[in-house]
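To keep things clear, I will list the structure first and then write my remarks on it.
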Amino acid sequence: MDRVVNDEKPRVILGEHKITQNLPSQPTVLDEKWSLRSFKKKFRVVMVRYDENELEFDLIGIHPFLANAFRRLMLSDVPTMAIEKVHILNNTSIIQDEVLAHRLGLIPLKADPRLFEMKADPAAEGTEQDTLEFTLKIKCTNNKDSSKDSLRVEDMYKNNNVYSKHIKWVPIGKQKERLSDVGPIHPDILIAKMRPGHELDLKLIAVKSVGRDHAKFSPVATAFYRLLPDIKLLREVEGEAAERLQKCFSPGVISIRHEKGRQYAVVNDARYDTGSRNVFRYEDLKDAVAMTKIQDHFIFTVESVGALRPDVIFTESVKILKDKCLSLLDELSHV
Amino acid sequence: MNKLEGSFELACHSSISDLLDLNESKLLPAFLKVKGLVKQHIESFNHFVETEMSNIMSANREVRSSENSDFYVRYHNIYVDMPCEIDIQGTKKIYPHECRLRDMSYSAPIRVDLECCIGNERTFEKGINIGFLPVMLRSNRCHLYKKSFCQLAKRGECPLDPGGYFIVKGVEKVILIQEQLSKNRTIVDRDPKKGYFSTVQSSTHLRKSKTSVVHKNNKFYVRLNSLTEDVNVAVLLKAMGMECDQEIVQLVGSEGMYLDAFAATLEECALFGIFTRKQALKHLSLRVRRSRMTTGSAVGDAQLILADVLLAHIPVDGLNMRTRCIYLLLMVRRIIMALNGTVPVDDKDYYGNKRLELAGTLLSLLFEDLFKHFNAELKKSVDLAFSKRNRAMRFNVVRNMPLKIITDGFLRAISTGNWTIARFGVDRGGVTAPLDRLSFISALGMMTRIYSQFEKTRKVSGPRSLQPSQWGMLCPSDTPEGESCGLVKNLALMTHITTDDDDEHLRHLAFSLGVEDINMASGEELNLPHVYVVFINGLLIGLTQHWEYILATLRKLRRSGRLSEFVSAYPNHAQRSINIASDGGRVCRPYIIVANGKSLLTHEHIRQLKEGVRDFEDFLKEGIVEYLDVNEENASLIAISEDDITPDHTHMEIEPFTLLGVCAGLVPYPHHNQSPRNTYQCAMGKQAVGIIALNQLMRFDTLNYMLVYPQCPLVITRTLELTGYTQLPAGQNAMVAVMSYSGYDIEDALILNKGSVDRGYGRCYAYRKFSTNIKTYANNMQDIVNGPPRDQEGNIPARYQLLEEDGLPAVGAEVYHRDILVNKKSPVGQYMAGSDQSTAGYQDAPLVYSNVNSARIDKVLITSNSEENFLIKIRTRDFRRPELGDKFSSRHGQKGVTGLIVDQEDMPFTDQGICPDVIMNPHGFPSRMTVGKLLELLSGKAGVLAGKFHYGTAFGGDKVEDMCRILIEYGYSYSGKEYVTSGITGEPLSAYIFFGPVFYQKLKHMVTDKMHARGHGRKAILTRQPPEGRAKDGGLRLGEMERDCLIAYGASNLLVERLMISSDEFLASVCSQCGLIADRDWCQYCKSSSFVHRLKIPYACKLLFQELISMNIIPRLRLKDL
């Protein structure tokens, strides 16, 4: 165990019942030992996967506090637009005004928050710069065209389901020229169910704010990181035990090599191991594996809600951190 | 629901060994489908309407006039119509929901067919209404009877509502189940001071009495309420015509043991010089308590007592009271057996000795009284009509019926809960209670609740403790804590309560099976060792030597459907008797019959059940399943599962989890919990906020709560599905991390995730009702509702802001404390009809929003009640987001309040990026031992991963092993623990955290309803002290214990400030000479002002002095300079 764990890499060691660290205190920015040069040398960013709304990237050679700061900033400090006020002109559906407003608030909006300003006074009338306005006006009626026999609600009624696509953007001032294509990101979010006679007439007002205020302003569904798993075999595991060992980890982590009529386990790729630690269930395999995680290798996953691209969210969070640092320095210089 | 069942089947088919369990499990839904959840109430009511009503009518069928002997009214038929409203426009069907909204009673006309004879003219009338009977919902007189889901929904009724209650003046009322000692059975008991005695409570339609045989001074006496002192048994027997001592001795028993014990009694009788019936009657007549009913002669009274009071339930044939004599001697014999220890005394708490009284029984008691009253009133009006000399009109019976008597009698009794029946000396309060609609489960729980008649203050443990004979009949978990613990019980899931059944045919049957009539037997035969006595419903009818044959034949007949399925027959070998029972109020439950070591229920049956070819009733008729009452259950050998069956077994359980009730059925894995935790959950499940009914938004309740996003629990139980809880849940599945966090989680406090709260976790509504009547008074004046008042500038006063021009508030408007909801005005003073109405003034009688929290107007209802008065109901809704101090609980009796709401980024997160909704402190586990909660989390987590609901059914449910296997399969640790990163430091926590979904209930105790503080405010008029309680804006009490602390600390000035200055300080003038309170500067007692001093005392103190003075006690104050 010591052989593997006591290398130069900072590691989190996953024991059967507890978690330990081999180099608990890494030099941080606050330490004198820390140097920008070595940081620059060590620090790497690797993009691993980039889907439309999901980004996986590695931050290597960085202290947990910084990585965590980015995570926290993405969750709560990167601003977006969300519906904050709902003027209810008419609501005869069974869903209560408060719940309706809450549901509307949680709908992600397609609008680049960087083009807007934070509203200084929440009570003030919204301006072109800080407010988006929408309307939702819909009425459920009996569908006269449908065949009499059908008992499916979709056939019997019109507009029985209110979706986010029914929300219409009302540009204020020059917004129409300035912005293009503003509205809910997903057209199919169910807002309310209605029956003939029910009617909604709402004016929706979206403003810019941050996730700390309310989760609806958070640009991400979630943003989190995990440490890179590193699994080492401490001794050779062969035969039936090798197969058992393979099953203790996620598929692809352990592969079995056949050589000269015998089979033995080797670590293939530990990156996508879920860390289930089920190897500890076997007395005979317990001592064969060292499950560790590299403490300065962060695998970030940013799941954007859709308003901003995930990479933009991350860079925004870096900018915010920079701004915060600058304003701290600024404050300090005044002391 | 269908989806759920599907997934359940899949889960079970996975292993073949489970197949058998599945088979039986189909039987329970089939049972509940036939019977429903509140079958006891409904069947009892149906029995009343169908059978007992006409019995009562037959017993009181004629009304004759004392003025005109040619006149009579004879009832031929009685029946109850469907609920309707009868007014000038005619008859209109009414449905329950309309009654709730319009504050009306859901009642149906009782109709009779009658024959009326005046002189020599006979007329027949059909369907004459004699009054209204409140109808139990879902009974066979209810419009909702056997209606489909859609039909119920159309009527505004919740299809999942079980029914079984009444609607009286718009209030849902339940007639609670009352537990009583069984009637007409001998109970031998021992009093530590007074020795042994045996008692019978006789109860017939005509009479109720209590007869005891007591053993004192080595002699036997009979104790009756109508006798002034205890009377020697032998004397009484002689008075009843059993003059021969030898016969008496033979009946008691001629063995030495009996002879020795009884000799002294006979000796005393002889000493009295009583040998003949006449002598005995004379002796008795001296000891008769004088009563209203008297024959004139003392001996006659004594005979009347023997005929009517002593063992009144045993029918006598003229003056031949041999049956009663034998019964009395049997009572003596049983005492002697107890005295010698051959047979132990009876256990009063044994559940076979209990009878449960239901709505039907109570209603028939009331109806009999009301019907007699009705007939008496009818007779009075008939007499009045005939007593008039020259009648202009022909007398019309139908028009002279006193309709109000029955209608009002029922309504009054049900709405107040006071059952007063003078004839039987019944005067009971609290028989009914408003249905608790706080949550769906609380309403259901109320329908299964049983109240015992025991006094709550008595400190006896016997009636409170769980009796082994309650197995399967009563829920072992569901009982309140505190004073009524163990006295209030709940029925188990499959328990049924019998209704009274005629026993005449049983008697005939017994005789044809070879039972010899008791009156033919001599004492010698009666006490032979192989002879068994036969009782039917506590009545001694005969002897037999072939008890096994009789029992077997009875059971065979019952199983083949020739006898009522609720007839029970069981032997009592100690007493050498067999008991056959068909009386009402016995608790029973169905079992699968086992014969020759094999269950009669086969796969074939289950298949047919699934296909819908047969139902539960068919199995009952075919003798595959039968009901056993407590007594018969205890004479059977019942296997829990098919594996346990041996050749000796007679029955098998349908489902072991049915021994729990509805509320305990909510708990997943209850068999892994410490038992009191399940009891706590039973109490808490009733406080959980959820959806109370599918028609909740159409209801106007004084107060109810609604959860915004209720969820079906991830770990369900079979009971949950059967009760409909999966469709009306009260709680949400929260991601729980069991770890310590921040120190704000001590003492069971919970940590909530602000992100989850933002996204809708734990949000709820509080709906409140405010209502007012627009009355029309006798002088034809009416209350009026005006628009808001305006001052000269046309401004509306603040409190009237939300009113529209019709005087009612707008829907959606926000209301604050003391705002006016309806600007109602009432006419002032009493004006006689015909006086000038224009002079009448009006005074404000507004409907005020009295709640402290602001809310919004949700719904306004304007309708009319049954008196055609306008009725305005306004419902407000108050939206609540979880906040610090709101109470939550899991389903394992683990309650806690919110201690902290933490930002999402500060929450710990797993490698999947999941952060918990709730953090629970692990200290909650070791001492509570709620292992069920751990299992729920595990099963829940596995369920989330596998995409299905898992079962935590009691004594069954999904196994931990399987759950762990699923977790491993999806790459999680089998233990349910996870590697977690701290959201604050960004570094991993040093322990693995138990992490997964647990169903959490939001309880109705919320901070907004309780938060209260005041600086200064109102004071009570009498004491000048601040009032108590939040509703009255009261002060915060510095109680006795707090006072003690301050005294101990020596903070005297603080004490004076708290107890006097801030409370009821009063500047009193006291005369130092006489020590009395003076009038300002003048002491009236001393006629002087020179000794009057001023001092500060509490006003309550001054009040006490004055009250004492008013009682002729002079408190004098001695004043001294310091």
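By convention in this document, chain letters (A, B, ...) are assigned in the order of the sequence lines, proteins followed by strands, and residues within each chain are numbered from 1. This is a predicted model, so every value here is computed, not measured.
In this structure, no portion of A:Phe280 lies under 4.5 Å from any heavy atom of chain B. Contact annotation for A:Ile94: both backbone and side-chain heavy atoms come within less than 4.5 Å of a heavy atom of chain B. Proximity to chain A is absent for every atom of B:Ser756, based on heavy atoms less than 4.5 angstrom apart. Looking at A:Glu303, there are no atoms closer than 4.5 Å to chain B (heavy atoms on both sides), in backbone or side chain. With a 4.5 angstrom heavy-atom cutoff, B:Thr981 touches chain A only via side-chain atoms. Interface residue B:Tyr972: only backbone heavy atoms are found under 4.5 Å from chain A. Looking at A:His214, the atoms closer than 4.5 Å to chain B (heavy atoms on both sides) sit in the backbone and in the side chain alike.
The minimum heavy-atom distance between B:Pro988 and B:Tyr979, with the atom names listed, is CB-OH, 3.3 Å.
Checked options B:Tyr705, B:Tyr767, B:Tyr765; the residue passing with B:Phe879 is B:Tyr765 (criterion: ring pair (Phe, Tyr, Trp, His ring centres under 6.0 Å)).
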key: Residue pair A:Val220, A:Ile313: steps toward the side-chain contact (heavy atoms from CB on, under 4.5 Å) verdict   = CA-CA 8 Å; A:Val220 290; A:Ile313 296 171; 3.8 Å; yes
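Ring to ring, A:Phe300 and A:Phe224 are not that close: their centroids are 6.0 angstrom or more apart.
Between A:Tyr225 and B:Phe909, the ring planes lie perpendicular to each other; the angle is over 60°, past the 30° to 60° tilted range.
Scored by the salt bridge (Lys or Arg N to Asp or Glu O under 4.0 Å) test, B:Arg759 finds no partners at all (sequence neighbours excluded).
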